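Both counts, for ligands and for their atoms, begin at 1 and track the order of listing. All values reported here derive from a predicted model rather than from experimental measurement. For this chain, numbers begin at 1 and follow the sequence in order.
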Amino acid sequence: MKTWEEKDKELIWHPFTALEGAPAPLFIESAKGIYLHTSDGKKIIDAVSSWWVNIHGHCHPEIVKAIADQAQKLEHVIFAGFTHEPAITLAENLLRLLPSNFSKVFFSDNGSTSVEVAIKLAIQFWKNQGVKKNKIIAIHGSYHGDTFGAMSVGDRNTFTKVFSDYLFEVDFIDFPTAVNESSVLNLFEELVSSGTVAAFIFEPLVQAVAGMKMYSPVFLNEAIRLAKQHDVITIADEVFTGFGRTGKTFAIDHLNQEPDLMALSKGITGGSLPLGVTVCSKKIVTAFQSSEAIKTFFHGHSFTANPITCAAANASIKLLVDEQCQRSIQLIHTNHQKFITSVNQRSSIKEARCLGTILALELSTESQTSYFNTIRSKIYSYFIERNILLRPLGNILYFLPPYVITQEEIDEVYNVINSFLDELER
Ligand SMILES: Cc1ncc(COP(=O)(O)O)c(C=O)c1O
């Protein structure tokens, strides 16, 4: 009889994984809190929140209960021409957490689709009004997902190279730093004042896939202000940053400007089930308030607003706004700040940075920063051998745990990071 590992190798195509030469995947039997349990009895700390989705720990009893209860009542129904309580409650819950300029939500299935919807809405917003604006501005280094629209507005790199002929044209501005901020804003103003720009899309304050690259809210406030002044739709992709990751409920809560559209996913269900939501401002909605077919937004997915998924999201949001969760987010942030102070001067560290629950350590390596940097597999193996899941982005080692992690568990991860740095410096 074949083992699970053999069957997996034979039958399954894993994401972002070469079909030959990649190490066999770990077989996870169950998970609880911050721990993943393997079939051979190992307990691994999920220090990357399972691709940044998990915020309350695995199999949180309240989310599990909400899923089980909803599954017994209504597991799914077509969402065109039908509606249900979990979706309406979720819309209310989300809009309560967001600035008052937001007024409607559109459901889809994941981060990429929530971005696709935002881009399509921004394009149609202008078409519906008979205005000819077709350009989109994005920031170099950005990642917005793997579907074609999302790839088009993302950085052109090794991951998208084979598809480059099929991606639409986008104007990319440089990633803003303390050094180039004002020149980037000058170029941005030139672009948005051309009268041809439909939308500006950005990952607010943190470019996650680019290596947890952080930039200033002062820049983003000014960019959004300029975009608004020149009537350009602004799209905040909060797929990664949403639901407490940056220390506030949303990254836009660090700003005083409000975007027109927001893409949400990952933490929305506490990481339990897939869901994408695009939140729309009143301004966007107004351009679609018509019974004409040509002005209708013709987009939808089979599992749009799945009731079980929405119920999971409602349970997760209830946990997120609870004082205990807010204290945990603060605890992680305070720890990250202290840890940065303790490692900042180490020779193996090029730059250490944090925002909210995100800690990123850029390691000094000979070769340049890249996902394919060889240190990546060295870091991964070092930590997994010590029962910690850290999945670096090239030479960027980052730690962003589910918020339920305890002080002792945070210290355990820091200790192993310190041992790894000792080894690098030897
Ligand atoms: C900022 C951002 N947008 C979009 C996505 C795509 O989300 P998904 O993987 O759910 O399609 C990601 C995924 O990492 C992301 O970080």
For atom 1 (C) of ligand 1, the closest protein heavy atom turns out to be Asp237 OD2, 3.3 Å

Which residue supplies the protein heavy atom nearest to atom 12 (C) of ligand 1, what is that atom called, and how far is it?
Tyr143 CE2, 3.5 Å

Looking only at protein heavy atoms, identify the closest one to atom 10 (O) of ligand 1 and say how far it is in Å.
Gly111 N, 2.9 Å

Quick check on contacts: which atoms of ligand 1 are under 4.0 angstrom from a heavy atom of Phe240?
16 (O)

Does a side chain donor of either Asn395 or Glu362 reach within less than 3.5 Å of an acceptor in the other side chain?
no

Non-hydrogen atoms of Trp52 versus ligand 1: any pair closer than 4.0 Å?
yes

Please determine if Glu222 and Arg225 form a salt bridge, counting it only when a charged side-chain N lies under 4.0 Å from a carboxylate O.
yes

Atom 14 (O) of ligand 1 has as its nearest protein heavy atom Lys266 NZ, 3.1 Å

Take Asp46 and Ser50, measure what side chain to side chain donor-acceptor pair (under 3.5 Å) needs, and give me the verdict at the end.
CA-CA 6 Å; Asp46 187 353; Ser50 276; 2.8 Å; yes

Do Asp260 and Thr234 meet the criterion of a side-chain donor-acceptor pair at a distance under 3.5 Å?
yes

Looking only at protein heavy atoms, identify the closest one to atom 4 (C) of ligand 1 and say how far it is in Å.
His144 O, 3.2 Å

Electrostatic pair Lys120-Glu116, nearest N-O below 4.0 angstrom:
no

Quick one: nearest non-hydrogen protein atom to atom 11 (O) of ligand 1, plus distance?
Ser112 OG, 2.6 Å

I'd like to know if the side chain of Asp322 pairs up with that of Gln326 as donor and acceptor (distance under 3.5 Å, no hydrogens or angles considered).
no

What atoms of ligand 1 come within less than 4.0 Å of a heavy atom belonging to Gly145?
4 (C), 6 (C)

His58 and His56: CA distance, side-chain angles, deciding distance, side chain to side chain donor-acceptor pair (under 3.5 Å) verdict
CA-CA 7 Å; His58 292 272; His56 304 301; over 6 Å; no

